[in-house]
Amino acid sequence: MTKANSGVQQPIIGYHLDDERHWVAQLACGHNQHVRHDPPMVRREWVTTSAGRESMLGFQLACKKCAEGAPADDRPFIPGNDQ
């Protein structure tokens with residue numbers, strides 16, 4: 001694994017928006033991770049639509065917080081978590 005993507009692989013189980021209206025993936029481990037579409041540096045077109053986000057549920061992201069042993073993140077309560 002390279003330093004840029006090192007971490008424990010964890011599946012996406014949901015999403016929420018942060019205070020700046022950026023999408024945040026909620027991982028099965030209890031951590032959160034931003035999933036921005038910010039071309040040309042980061043291309044994640046799937047995050048811009050509800051169908052795109054839904055299609056990535058279960059996709060595994062490298063969670064650096066797991067590798068560091070960090071406690072779970074706070075998450076907003078979202079009924080159905082279907083944003």
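Quantities reported herein were computed from a predicted structural model and do not represent experimental measurements.
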inquiry  = Count I, L, V, M, F, W, Y as connected when their side-chain heavy atoms are under 4.5 Å apart, and connections chain through other members. Are Leu17 and Val42 then in the same cluster?
reply    = no

query = What residues form a side chain to side chain contact (heavy atoms under 4.5 Å, CB included) with Pro39, not counting sequence neighbours?
reply = His37, Arg43

task = Not counting sequence neighbours, which residues clear salt bridge (charged side-chain N to carboxylate O under 4.0 Å, His left out) with Asp73? List them please.
result = Lys65

Test side chain to side chain contact (heavy atoms under 4.5 Å, CB included) applied to Gln60 - qualifying residues, sequence neighbours left out = Gln9, Pro11

note = Hits for side chain to side chain contact (heavy atoms under 4.5 Å, CB included) against Ala72, two or more places apart or cross-chain, chain-then-number order -> none

request  = Just jot down the side-chain hydrogen bond (donor to acceptor under 3.5 Å, both in side chains) partners of Asp18, sequence neighbours excluded, or say none.
outcome  = His34

message = Measuring from atom CG of Asn32 to atom SG of Cys63, what distance do you get when rounded to the nearest 0.5 angstrom?
response = 9.0 Å

query = Side chains of His31 and Gln10: donor-acceptor distance under 3.5 Å anywhere?
reply = no

message = Quick check: closest heavy atoms across Ala67 and Val8, and the distance to 0.1 Å?
response = N-CG2, 4.1 Å

Nearest-0.5 Å distance, NE2 of residue His22 to CZ of residue Arg36 = 5.5 Å

query = What distance do Trp46 atom CH2 and Phe59 atom CZ have between them, rounded to the nearest 0.5 Å?
reply = 7.5 Å

ask   = How long is the span from the OH atom in Tyr15 to the CZ atom in Arg53, to the nearest 0.5 Å?
value = 8.0 Å

task = Taking all non-hydrogen atoms of both residues into account, name the closest pair between Gly14 and Leu57 and its distance.
result = N-CD2, 3.7 Å

ask   = Who passes side chain to side chain contact (heavy atoms under 4.5 Å, CB included) against Gln33, sequence neighbours left out?
value = Leu27, Leu61

